[in-house]
Amino acid sequence: MSNRRTFLQRAFSTGAALCAGQRLSAQAMQMPMPAGPGSPAAPSKQPVTSPSFPTPVVTTEVGDLSYTMDGGAKVFHLVAEVLRQKIHPGKTIDAWGFNGSAPGPTIQVNQGDHVRVIFDNHLPEPSSIHWHGFEDMVGYDGMPGISQEPVKPGGRFVYEFDIHQAGTYFYHSHMAMQEMTGMLGGFIMHPSTPYHPHCDKDFLLHLQEYAVLPNNTVPNTMNMEYNWLLLNGKAGPASTPLIVRLGDRVRLRFVNLGMDHHPMHLHGYTFHVTGTEGGRIHESAWWPGNTVLVGVAQARDVEITANRPGDWMLHCHLPHHMMNQMSSNVGTMTRRPGQPAGVDMNTGMGMLQGTPGAPSGDDYGTSLGRGMGFGSTADMETTNGPLSGEKAMQAMAGMPDAGDIAKNANAVPGFPQDAYMEGPAMAMDQMVDKPENYGLRPGWSGFMMGMMTFVRVLPPDKYDEVIARMKQAQRPNDPYGALLQRVS
Ligand SMILES: [Cu+2]
């Protein structure tokens, strides 16, 4: 898991860790990494990893960026770098992000703080960081070639802010393609006068999409057909549920720095939209809903009182954003008896001769790449996926079996509607096991994909059990850490 590395890197923001980070990136790029000229070094004091806020914001998967104090300034050390990240049990990608993760770790400060961000560029090309929505000096706006020199590979730039705003803000590379491969992160400004009513839980969710075709690991930033939809860098069911105690008041902060707009839908509740990327909305202007459209470059804060127990789904409601590894198919969606499995590019798609009926014809298109590597590859009736196999079904407790498919399913135009699957989706409860999933209905993971997770509103006994397991896990730099410290 890349998280392990993330945790280790984030555990230190001292000079030693800086050297280690430079070594890593230098190896990856096979080039020397000069130190940035004319910039202050990171203060070598103890990092503050769990600052005190009335309600700390939890960013599942990525956690927070620690800081050190230098006089009255909170000093954050933000490192842009290339990284590998597991976004799903079956998919690891090469992303660009910050301090070991994409999105980068969340920065949390208080209104009134003086903040310094030391930005080091460990990418193989220039970059700079834009502080989205900050009302501050243009010199720190992060526009490469406009407000500052682009930060060259191995270079450094130091940003300074007096935080007078409050709300859900974010940072990102202002090189558009860098942003699309993961270079973004949250920046929470806690208000000096706490919001009313008080929220017991506060979560930040980055809405992201990547186009990473099968057998590829590098997000194609020019492709506009996205097939991986993520919350905080994970696709369902690998996303981490939001753990809430029955009765808690809960704030969800959605941040969208992608190419698509996302209508985020919460089951079982009517929420109120209480904030935007411009900060808090006056209570008289809150509006109710159960779906909030989070447009590109926008933030939306919503709040509920979690008074209805259950594992409630929270997801983008665009149908294609509730799936994983979507990719355009050719031909009909299922094979018929007599069609071979696993035909080559030419026969299947007619890449060269264009026959028969190819590239998008019904004759062979659906066989393309679908050979499972065992048994006869001809005359098999719809055994494309592993799900028709008895053994596969036995391994997935709680999943419906192949008997759920009508006998004549293959004669029905349009079957199946889950591309590459001829039956229910695959459950992988064990592969995505974590304390936050404890007690979910067996087989749940077969029904959760893409930009999707749960708000788990747990009665006290179940809540205590899950929290105990989360504590027991003792995960280094646990994104839930600040919250776990507060609950007995
Ligand atoms: Cu969406």
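Note that ligands are numbered from 1 as they come in the structure, with each ligand's atoms numbered from 1 the same way.
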Contacts of type side chain to side chain donor-acceptor pair (under 3.5 Å), residue His198, not counting sequence neighbours: none
- request: Please work out which of the three classes, parallel, tilted or perpendicular, describes the rings of Tyr169 and Phe134, given edges at 30° and 60°.
  value: perpendicular
message: For a quick check under 3.5 Å, do Thr217 and Asp94 share a side-chain donor-acceptor pair by atom type?
response: yes
- prompt: Counting no waters, how many protein N/O/S atoms sit under 2.8 Å from the Cu ion (ligand 1)?
  reply: 3
statement: With Glu436 as partner, the option from Lys234, Arg475, Lys471 fulfilling salt bridge (Lys or Arg N to Asp or Glu O under 4.0 Å) is Arg475
message: So, using side chain to side chain donor-acceptor pair (under 3.5 Å) as the criterion, who are the partners of Thr92 when residues are at least two apart?
response: none
Sequence neighbours excluded - salt bridge (charged side-chain N to carboxylate O under 4.0 Å, His left out) pairs with any residue from residues 178-190: none
